[in-house]
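Single-structure report; data block below.
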Amino acid sequence: MAYYSSLGTVIQMAEQSDWIDSASTSKALPELTVQVPATGESMSMSFERLEPETMMGSRFKEISLASTASCSGDINAPLSFDFSDFLFKQLFGSVSTTTSSSTVDGYTIPVGAKSYEFGAVGSAFPLSSMAINRGNQELASYPNLTINSLSLSCANNETCDATISLLGTEEVIGTSAYTGIEGYKEPEELSSSALPFINTKSVLKVSGTSRCAESVQIDINNNAQDAPRCFQDGQLSNRPYFGRKEATLSVSMPWDGADGLFADLKESYYGKDKTLSASFKFEDGNGHNVLFFFPACYVSNDSYNASGTGLIDGTIDLEVAEKSLNNGTYTSVEPIQVYTWTVTA
């Protein structure tokens, strides 16, 4: 027997410009230039099978016929400045560079910052390719990947951990079926921009005011809509399309009676048709910054409960919307605005 450790596993990704047909004889993946700082993965193939319908009696199903195939799974990785550019572009679909400075929720966004937004309704997902060398023993390649959802879990004094849910078409073991995936190299020494964000330098704002948060959970779901499947192989015929997106925030913080936030939320926002803003900013101590801004959020939960003899902890759950509502007036906003930039000394 030969058992292998996960130690030494390498995950590399790259943008993919065109759809790769599973029936094509030429399956060249792009050069895999993005090193994913992964802590785990769960990529796998799944097959749907059909049982022919019959009224004949039998103790078990007699046969099971192969139907459609799909590939999906999660990648777990701490968020770093280097990886965030690739990740956000693949998640949102639109990236631009700011040509003038601006202020977002009290933060100065400098010239040259990257700005990420969702594509228009009906726009196609960006594509990416990935290869995983598990334990430095087995190479698996994954074409036609799209990011369906992203979850960021950010607890105080810990790294901000991302769970990236991917949708694909197939998993190919070995190097024979695809070209361009053999270019592995040992991970180089980490640069300062490749180090993960630690939440000792993160700032949460609710309604423009900084709050003492213990943890923040951000969930963004693209709700991918599948393209049709082809007769010849049962696989997807093209990339998915964006569905109606969903995003939520969940914030845990100690109940601060002097602050009055929880009471204010219950009185003014909880269960009412009125929105507030929220932002979450990461900084790694080396001048690298990431800002999430949600200008229109509805409060779906506002609770603070006593238990045991410790501090009273509170939870605030927010639902992200595309229109803000204040004083009876709706205003269209970009629901999720993400910026990355570097401040040089």
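If you're wondering where the values come from, they're calculated on a predicted model, not measured in any experiment. Computation of the quantities below employed the complete heavy-atom set of this structure, encompassing side-chain atoms and omitting hydrogens, waters and symmetry-equivalent molecules.
- For the atom pair F81 CZ and W341 CH2, the distance stands at 9.5 Å (nearest 0.5 Å).
- Note that CG of L127 and CD1 of I147 are 11.0 Å apart. Values are rounded to the nearest 0.5 Å.
- Here CG of L318 is found 10.0 Å from OG of S277. Values are rounded to the nearest 0.5 Å.
- To the nearest 0.5 Å, atoms CG (L152) and CG (L87) are separated by 7.5 Å.
- Checking E171 against Y142 by side-chain atom types alone, a donor-acceptor pair falls below 3.5 Å.
- Contact of the I173 side chain with the L139 side chain is not registered, since no non-hydrogen atoms from C-beta on lie closer than 4.5 Å.
- For the 3.5 Å distance criterion, the side chains of S165 and N148 fail to qualify, holding no donor opposite an acceptor.
- Every residue meeting the side chain to side chain donor-acceptor pair (under 3.5 Å) condition with S46, not counting sequence neighbours, appears here in chain and number order: S70.
- Criterion: ILVMFWY side-chain heavy atoms under 4.5 Å apart, direct or through other members. Under it, V251 and V206 are part of a common hydrophobic cluster.
- I198 and I218 fall into different hydrophobic clusters, where Ile, Leu, Val, Met, Phe, Trp and Tyr are joined by side-chain heavy atoms under 4.5 Å apart, directly or via other members.
- Between the side chains of S151 and D219, at least one donor N or O sits under 3.5 Å from an acceptor N or O.
- Counting only heavy atoms from C-beta outward, the side chains of R134 and E41 approach each other to under 4.5 Å.
- Of the N and O atoms on the side chains of N76 and T39, not one donor lies less than 3.5 Å from an acceptor on the other residue.
- Using modelled atom types, one finds no donor on one side chain facing an acceptor on the other under 3.5 Å when comparing D82 with S80.
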Side-chain donor-acceptor pairs under 3.5 Å in residues 101-122, sequence neighbours left out?
from, atom 1, to, atom 2, distance (Å)
D105, OD2, S279, OG, 2.6
K114, NZ, D85, OD1, 3.3
Y116, OH, D85, OD1, 2.5

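- Y304 and V299 fall within a single hydrophobic cluster, where Ile, Leu, Val, Met, Phe, Trp and Tyr are joined by side-chain heavy atoms under 4.5 Å apart, directly or via other members.
- At a threshold of 4.5 Å between non-hydrogen side-chain atoms, the residues C297 and T275 do not count as touching.
- Between the CG atom in D313 and the CD atom in E214 there is a gap of 4.5 Å [rounded to 0.5 Å].
- In this model, a donor atom of one side chain and an acceptor atom of the other lie less than 3.5 Å apart for D317 and S250.
- Counted by atom type alone, K281 and N289 present one or more donor-acceptor pairs between their side chains at under 3.5 Å.
- Here D302 contributes atom CG and L265 contributes atom CG; the two are 5.0 Å apart, rounded to the nearest 0.5 Å.
- One side chain, Q16 or S129, offers a donor N or O that lies under 3.5 Å from an acceptor on the other.
- In terms of hydrophobic clustering, with Ile, Leu, Val, Met, Phe, Trp and Tyr side chains grouped at heavy-atom distances under 4.5 Å, Y330 and F294 are assigned to different clusters.
- A ring-centre distance under 6.0 Å is not found for Y339 and F88.
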